[in-house]
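Working notes for the structure below.
Counting starts at 1 for both ligands and their atoms, in listed order.
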Amino acid sequence: MRLHVANHPLVTHKLTVLRDKNTQSPTFRLLVDELVTLLAYEATREVHTEPVEIETPVTTTTGAKLADPRPLVVPILRAGLGMLEGMTRLLPTAEVGFLGMQRDEETLEAITYANRLPEDLSGRQCFLLDPMLATGGTLVAAIDYLLARGARDVTAVCLLAAPEGLKVVEDHVGDRADVSVVVAAVDERLNEKAYIVPGLGDAGDRLYGIV
Ligand SMILES: O=P(O)(O)OC[C@H]1O[C@H](OP(=O)(O)OP(=O)(O)O)[C@H](O)[C@@H]1O
Ligand SMILES: O=c1cc[nH]c(=O)[nH]1
Ligand SMILES: [Mg+2]
């Protein structure tokens, strides 16, 4: 597993406002969108392109365009949905799959309540979106859905990760696939309720309210 932490003053600034408990949903949603755009720039550094000939007003030249097969972006509902728009804005050819997963707050097990993914993901570059990587249970289960369909190139884009969760993902994936995790920050630890510290609380609730 490869880890990329986006060390950039704008990322840190936006993340600090996001963490603040006084930041309300409309601002929170806007900041998540802006942060994803910054992270997507890093996450797509190795996106496949192919040469294309174009004519400028002056001459012909060879550029690059996003290649087929199209990348697949998969937000993990609910909280990952807040990252979708920012990601597809940067990656316009992407197809979008969906995983609905909820962590059981007693057992910390990830329960899947929605799964809409293409059957065959061989050769596809896949991008998983979830703001929080806590115990890693959710991300590991999501990665397994993609690997079971033949994907071998998976990048997870997260806002915050706990060191404990990163280790779980690394140990689980091993050398079975090329998995990268791009995060805005790696926080200190998990607390007794497996929440990220200092964290930002429950990302889904802060985006969409408590259900
Ligand atoms: O690493 P883990 O310990 O598995 O925890 C992280 C997961 O928990 C949160 O989702 P949650 O279960 O709260 O669902 P929600 O997005 O609907 O709020 C978060 O968005 C991750 O999906
Ligand atoms: O800190 C955490 C842990 C799990 N899920 C969240 O939304 N936040
Ligand atoms: Mg939640």
Side-chain angles (χ1 to χ4, degrees), residues 1 3 5 14-33 35-36 39-40 43 73-87 96-117 126-147 154-173 179-211:
M1 185 197 85
L3 175 67
V5 185
K14 290 177 196 299
L15 199 52
T16 304
V17 184
L18 202 68
R19 289 182 192 276
D20 189 330
K21 68 176 185 184
N22 295 314
T23 299
Q24 301 300 309
S25 285
T27 309
F28 193 93
R29 285 197 286 263
L30 196 67
L31 285 166
V32 169
D33 181 75
L35 277 163
V36 170
L39 295 181
V73 173
V74 182
I76 301 177
L77 312 183
R78 279 179 309 167
L81 206 51
M83 302 170 74
L84 179 60
E85 190 65 32
M87 188 73 187
V96 181
F98 293 91
L99 283 172
M101 303 179 81
Q102 186 167 12
R103 184 174 87 163
D104 181 319
E105 294 297 336
E106 296 289 313
T107 64
L108 301 181
E109 194 193 339
I111 314 288
T112 304
Y113 59 85
N115 180 343
R116 183 101 194 235
L117 296 171
C126 299
F127 296 89
L128 282 167
L129 308 179
D130 194 334
M132 309 303 274
L133 200 180
T135 66
T138 303
L139 188 57
V140 154
I143 289 171
D144 280 351
Y145 285 119
L146 300 179
L147 299 193
V154 179
T155 300
V157 185
C158 305
L159 298 185
L160 296 182
E164 297 92 324
L166 287 168
K167 170 118 182 34
V168 165
V169 175
E170 176 151 42
D171 291 348
H172 182 79
V173 173
V179 172
S180 298
V181 179
V182 177
V183 291
V186 177
D187 272 8
E188 282 167 28
R189 60 183 170 88
L190 296 176
N191 69 12
E192 61 291 347
K193 290 183 172 166
Y195 269 69
I196 299 173
V197 180
L200 52 76
D202 187 302
D205 290 354
R206 296 202 61 190
L207 279 162
Y208 302 120
I210 297 168
V211 292

Write down the atom of Glu188, the atom of Pro163, and the distance for their closest heavy-atom approach.
-> O-CG, 3.5 Å

Nearest non-hydrogen atom to atom 15 (P) of ligand 1 belongs to which of Arg78, Arg206, Gln102?
-> Arg78

In short, Pro198 meets Arg19 closest at the heavy-atom pair CG-NH1, 3.7 Å

Does Leu108 come within less than 4.0 angstrom of ligand 1, counting non-hydrogen atoms of the residue?
-> no

About how many Å separate CG of Asp187 and CG of Leu160, when rounded to the nearest 0.5 Å?
-> 4.5 Å

Within the stated cut-off of 2.8 Å, is an N/O/S atom of Asp202 closer than that to the Mg ion (ligand 3)?
-> yes

Return yes when Gly136 approaches ligand 1 closer than 4.0 angstrom through a heavy atom, no otherwise.
-> yes

Measure the OH-CD distance between Tyr195 and Glu105 for me, rounded to the nearest 0.5 Å.
-> 4.5 Å

Is the shortest N/O to N/O distance between Met132 and ligand 1 below 3.5 Å?
-> no

Validation row: Phe28, Leu200 side chains within 4.5 angstrom (heavy atoms) | yes

Just how far is it from atom CG of Leu31 to atom CZ of Arg206, taken to the nearest 0.5 Å?
-> 9.5 Å

By salt bridge (charged side-chain N to carboxylate O under 4.0 Å, His left out), which residues pair with Asp144, not counting sequence neighbours?
-> Arg176

Applying side chain to side chain donor-acceptor pair (under 3.5 Å), name anything that partners Asn115, two or more places apart in sequence or on another chain.
-> none

With sequence neighbours left out, what residues match Ala40 under side chain to side chain contact (heavy atoms under 4.5 Å, CB included)?
-> Met87, Leu90

Asp202 heavy atoms within 4.0 Å reach ligand 1 at atoms 13 (O), 18 (O)

Between Thr135 and ligand 1, is there a nitrogen or oxygen pair with a distance under 3.5 Å?
-> yes

Taking the minimum heavy-atom distance to atom 16 (O) of ligand 1, which of Ala79, Ala141, Ala162 ranks first?
-> Ala79

Measure the CG-CG distance between Leu99 and Leu128 for me, rounded to the nearest 0.5 Å.
-> 7.0 Å

Would you check whether Ala134 has a nitrogen or oxygen atom less than 3.5 angstrom from a nitrogen or oxygen atom of ligand 1?
-> yes

Could you find the nearest protein heavy atom to atom 14 (O) of ligand 1 and give me its residue, atom name and distance?
-> Met101 O, 3.8 Å

Going by the order shown, which atoms of ligand 1 are within less than 4.0 Å of some heavy atom of Arg103?
-> 2 (P), 3 (O), 4 (O), 5 (O), 12 (O)

State whether any protein heavy atom lies less than 4.0 Å from atom 9 (C) of ligand 1.
-> no

Return the residue, atom name and 0.1 Å-rounded distance of the protein heavy atom closest to atom 7 (C) of ligand 1.
-> Thr138 OG1, 3.5 Å

Can you pull the residues with any heavy atom under 4.0 Å from ligand 2?
-> Arg103, Met132, Ala134, Ala194, Tyr195, Ile196, Gly201, Asp202, Ala203

Residue pair Val197 / Leu190: nearest heavy atoms and the distance that separates them | CG2-C, 4.3 Å

Quick one: closest heavy-atom pair of Leu133 and Leu139, and the distance?
-> CD1-CD2, 3.7 Å

Under 4.0 angstrom from ligand 1, any heavy atom of Asp130?
-> yes

Under a 4.5 Å cut-off applied to non-hydrogen side-chain atoms, are Thr135 and Arg103 in contact?
-> yes

Is there at least one protein heavy-atom neighbour under 4.0 Å from atom 5 (O) of ligand 1?
-> yes

